[in-house]
Peer 1: 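Okay, here's the structure, questions in a sec.
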Amino acid sequence: MRTATAKKTVLRPLPALLAAAGLLYATFAGAQTLSADILVVGAGGAGMAAAIEAHEASNGKAKVVILEKLPFVGGTTLLASTAYNAGGSKLQPNYSAKDYEAKLLKGFPKADEHDRANIKQLAELSGPTADWLIAMGADMSRIINGSQMTPADGSAYGAMIVPVLKRRVDSLGIPVVTNADVQELVTDESGRVTGVKAMMKAKTTETIPAKAVILATGGFASNPDLVKRFTPQWAGYPSTASVGAEGDGILMAEKLGAKLDNMALAGPQTVAYDTGHGAVSLTNVRYNGAILVGKSGKRFTNELGSTAVIGADIKAQEGGVAYLIFDRASVENAALMKKYEAQGYFVKADTLEELAGKLGIDKTKLTATVERWRRFFDKNKDEDFGRTQSMFSRIDKAPYYGQKISPASQTTYGGVERNADGAALKTDGTVIPGLFVAGETADQYGQGVSLGIVTGRIAARGALKSIETK
């Protein structure tokens with residue numbers, strides 16, 4: 001028996017509110033005797049979606065188990081503030097999968113033939129997967145910017161969808177083992193993955209056999225060493241991803257000869273606010289009408305453009321920071337905006353001049369910038385940067401709000417190259433038998449939540465197919 005080893009992770013405690021939300025689990029009592037047909041590593045959006053799909057698609061015949069190294073489920077999906085992205089769902093009669101595919105390709109113009117095939121597959125499955133989530137009880141009825149599906153009141157998407165997925169996992173009787181830090185993939189002499197070794201809560205190492213393993217351990221945005229190795233452009237910036245996003249699955253698969261591709265491709269969190277207790281995403285603010293200015297008080301980018309471009313543009317500003325500027329109309333546009341205000345995430349003032357003084361930016365130029373924005377808003381045409389989305393506010397309703405932000409490491413798109421069934425591929429293009437990848441563990445460009453959930457379902461169906469023909 002051979003093994004591939006990943007880096008050990010130190011768990012960090014989370015607030016009691018996770019327990020209140022039912023997302024904190026006790027370790028499954030029968031961990032020592034666990035085995036599975038489909039073993040899912042990671043209980044974020046990708047992992048839970050994979051587990052649900054494997055159970056449903058097999059009509060409950062496949063024994064599915066989820067292992068999660070943290071004390072709670074959700075992963076980076078739990079932190080998603082904005083939306084699920086899709087085209088062709090029942091709620092999008094005028095926005096198709098092809099529309100969404102075009103949007104994705106615009107954000108990844110250097111995609112090769114393999115990448116384009118995966119993007120096409122993601123787009124085609126995004127709508128049916130949205131309908132699948134809605135049938136589970138997900139609230140995705142507020143649609144903005146064509147592809148983005150959010151809760152009706154504009155609250156955080158992750159806080160809504162993770163409990164929906166968790167309830168479905170529970171209703172299907174799928175065991176979830178938390179505090180289970182998977183550190184090794186186990187293979188037989190033929191090279192087929194036959195299970196994992198995991199450090200359990202009791203600090204004992206358990207071998208858990210399986211017919212197929214799905215790695216859904218997330219990306220590597222919270223691992224400074226891997227950020228420096230693969231995406232050095234974001235080295236030194238904070239992470240707004242889950243503390244568990246440390247590249248474990250990517251490293252384990254690499255040890256078995258998996259091909260890693262597009263590793264430098266990342267979707268930074270473009271507007272992260274340092275609370276003093278960690279960075280939080282203020283992306284929801286961008287999507288509710290805010291503009292971005294530098295210390296000069298001038299706009300410098302399309303606030304709803306490519307995240308990579310926005311991140312680079314912010315880095316180029318004085319001090320590598322920028323400022324979100326918005327008004328009361330933006331705050332009233334979404335429940336999450338009101339929550340952020342209550343949490344003290346915004347600087348507030350009665351006038352733009354007062355706000356500029358509080359933020360330390362040029363008062364005269366900020367006032368001129370907002371006046372220019374108002375003209376664009378009235379014409380519904382951004383003549384400076386071509387923004388066409390989320391122009392919800394004229395920024396003329398006091399009080400006015402702002403906050404200093406910077407980029408942060410969040411979504412990593414590079415990972416283990418996969419085929420159309422989600423099987424992990426070697427550098428020679430052949431599959432690693434018994435190993436499948438989903439979410440940010442896989443090489444897949446897209447938007448975080450939809451990327452994870454769709455590829456989770458793909459990997460589950462591929463894993464089931466593999467054990468049927470074994």
Side-chain angles (χ1 to χ4, degrees), residues 17-24 43-53 56 72-97 99-100 103 122-123 125-172 242 280-289 330-343 389-390 392 439 446-457:
L17 63 87
L18 288 169
L23 302 180
L24 208 58
M48 286 196 286
I52 294 166
E53 181 69 19
E56 291 180 344
F72 58 93
V73 304
T76 298
T77 302
L78 183 60
L79 305 177
S81 63
T82 311
Y84 174 96
N85 284 262
S89 74
K90 292 178 181 178
L91 296 181
Q92 297 169 290
N94 301 314
Y95 192 89
S96 69
D99 292 328
Y100 182 43
K103 182 175 184 176
L122 175 68
L125 294 176
S126 65
T129 296
D131 297 334
W132 182 70
L133 293 171
I134 291 166
M136 281 186 218
D139 176 6
M140 297 161 61
S141 56
R142 184 183 191 186
I143 300 175
I144 57 175
N145 303 329
S147 69
Q148 294 179 303
M149 310 180 75
T150 74
D153 63 358
S155 57
Y157 185 85
M160 178 277 297
I161 198 61
V162 168
V164 168
L165 292 169
K166 181 225 176 238
R167 284 194 294 270
R168 184 59 177 161
V169 165
D170 289 347
S171 71
L172 296 175
S242 164
V280 297
S281 166
L282 293 187
T283 289
N284 199 265
V285 181
R286 277 195 303 127
Y287 283 106
N288 281 288
S330 291
V331 174
E332 292 176 349
N333 199 51
L336 187 57
M337 295 287 285
K338 295 174 184 176
K339 180 180 178 181
Y340 283 167
E341 180 186 22
Q343 290 175 317
Q389 299 177 330
S390 294
F392 294 134
Q447 274 90 25
V449 177
S450 48
L451 182 161
I453 293 175
V454 172
T455 58
R457 298 186 76 197

Peer 1: Any side-chain donor-acceptor pair under 3.5 Å between Q92 and S89?
Peer 2: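 Looking only at side-chain atoms, S89 and Q92 do form a donor-acceptor pair, the distance falling under 3.5 Å.
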Peer 1: Does the side chain of V449 come within less than 4.5 Å of N85's, by heavy atoms?
Peer 2: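 No; the side chains remain at least 4.5 Å from each other.
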Peer 1: List for me each residue that meets salt bridge (charged side-chain N to carboxylate O under 4.0 Å, His left out) alongside R457, sequence neighbours excluded, and say none if there are none.
Peer 2: E53
Peer 1: Before you tell me yes or no, could you show the steps for R286 and T82 under side chain to side chain contact (heavy atoms under 4.5 Å, CB included), namely the whole-Å CA-CA distance, both residues' side-chain angles and the distance that decides it to 0.1 Å?
Peer 2: CA-CA 10 Å; R286 277 195 303 127; T82 311; over 6 Å; no
Peer 1: Would you say L78 and V73 make side-chain contact, with heavy atoms under 4.5 Å?
Peer 2: no
Peer 1: If you take all heavy atoms of L336 and S81, which pair is closest and at what distance?
Peer 2: CD2-O, 3.5 Å
Peer 1: Indicate yes or no: at least one non-hydrogen side-chain atom of I143 is less than 4.5 angstrom from one of Y95.
Peer 2: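 I143 vs Y95: side chains apart.
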Peer 1: In chain order, what residues pass the salt bridge (charged side-chain N to carboxylate O under 4.0 Å, His left out) check against E56, with sequence neighbours excluded?
Peer 2: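 E56 satisfies salt bridge (charged side-chain N to carboxylate O under 4.0 Å, His left out) with R168 only.
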Peer 1: Could you report the tightest heavy-atom contact between L133 and V164, atom names first, then the distance?
Peer 2: O-CG1, 4.5 Å
Peer 1: Run the side-chain contact (heavy atoms from CB on, under 4.5 Å) test against A135 and tell me which residues pass, sequence neighbours left out.
Peer 2: none
Peer 1: What residues form a side-chain contact (heavy atoms from CB on, under 4.5 Å) with A334, not counting sequence neighbours?
Peer 2: R142, N284, N288, M337
Peer 1: What distance separates S450 OG from Y157 OH, expressed to the nearest 0.5 Å?
Peer 2: 8.5 Å
Peer 1: Residues in side-chain hydrogen bond (donor to acceptor under 3.5 Å, both in side chains) with T283, at least two apart?
Peer 2: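 Scan of T283 (side-chain hydrogen bond (donor to acceptor under 3.5 Å, both in side chains), adjacent residues dropped) gives Q269, S281.
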Peer 1: Give, for atom CG of L451 and atom OG1 of T455, the distance between the pair rounded to the nearest 0.5 Å.
Peer 2: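 Between atom CG of L451 and atom OG1 of T455 there are 5.0 Å.
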Peer 1: Sequence neighbours excluded, which residues qualify as ring pair (Phe, Tyr, Trp, His ring centres under 6.0 Å) partners of Y340?
Peer 2: Y345
Peer 1: Any side-chain heavy atom of Y287 within less than 4.5 Å of one from T150?
Peer 2: no
Peer 1: With rounding to the nearest 0.5 angstrom, report the CD1 to CD distance, I453 to Q447.
Peer 2: 13.0 Å
Peer 1: Among residues at least two apart in sequence or on other chains, which ones pass side-chain contact (heavy atoms from CB on, under 4.5 Å) with Q389?
Peer 2: K103, N145, L304
Peer 1: What's the shortest heavy-atom distance between S242 and G75, and which atoms?
Peer 2: CB-C, 3.6 Å
Peer 1: Which residues pass the side-chain hydrogen bond (donor to acceptor under 3.5 Å, both in side chains) test with D153, sequence neighbours left out?
Peer 2: S155
Peer 1: Which atom names give the shortest non-hydrogen contact between V331 and K338, and what distance separates them?
Peer 2: O-CG, 3.5 Å
Peer 1: At their closest point, which heavy atom of M160 faces which heavy atom of M140, and how far apart are they?
Peer 2: CE-CG, 4.2 Å
Peer 1: Which distance, rounded to the nearest 0.5 Å, do you find between the CG of N94 and the CG of D99?
Peer 2: 9.5 Å
Peer 1: Please list all pairs passing the salt bridge (charged side-chain N to carboxylate O under 4.0 Å, His left out) test where one or both residues lie in residues 76-93, with sequence neighbours left out.
Peer 2: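 For residues 76-93, and leaving out neighbouring residues, there are no salt bridge (charged side-chain N to carboxylate O under 4.0 Å, His left out) pairs at all.
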Peer 1: Between N333 and S330, do the side chains contain a donor N or O and an acceptor N or O under 3.5 Å apart?
Peer 2: no
Peer 1: To the nearest 0.5 Å, tell me how far R167 CZ sits from L172 CG.
Peer 2: 13.0 Å
Peer 1: S126: which residues meet the side-chain contact (heavy atoms from CB on, under 4.5 Å) condition with it, sequence neighbours left out?
Peer 2: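 Applying side-chain contact (heavy atoms from CB on, under 4.5 Å) to S126 gives Y84, A86, Y100.
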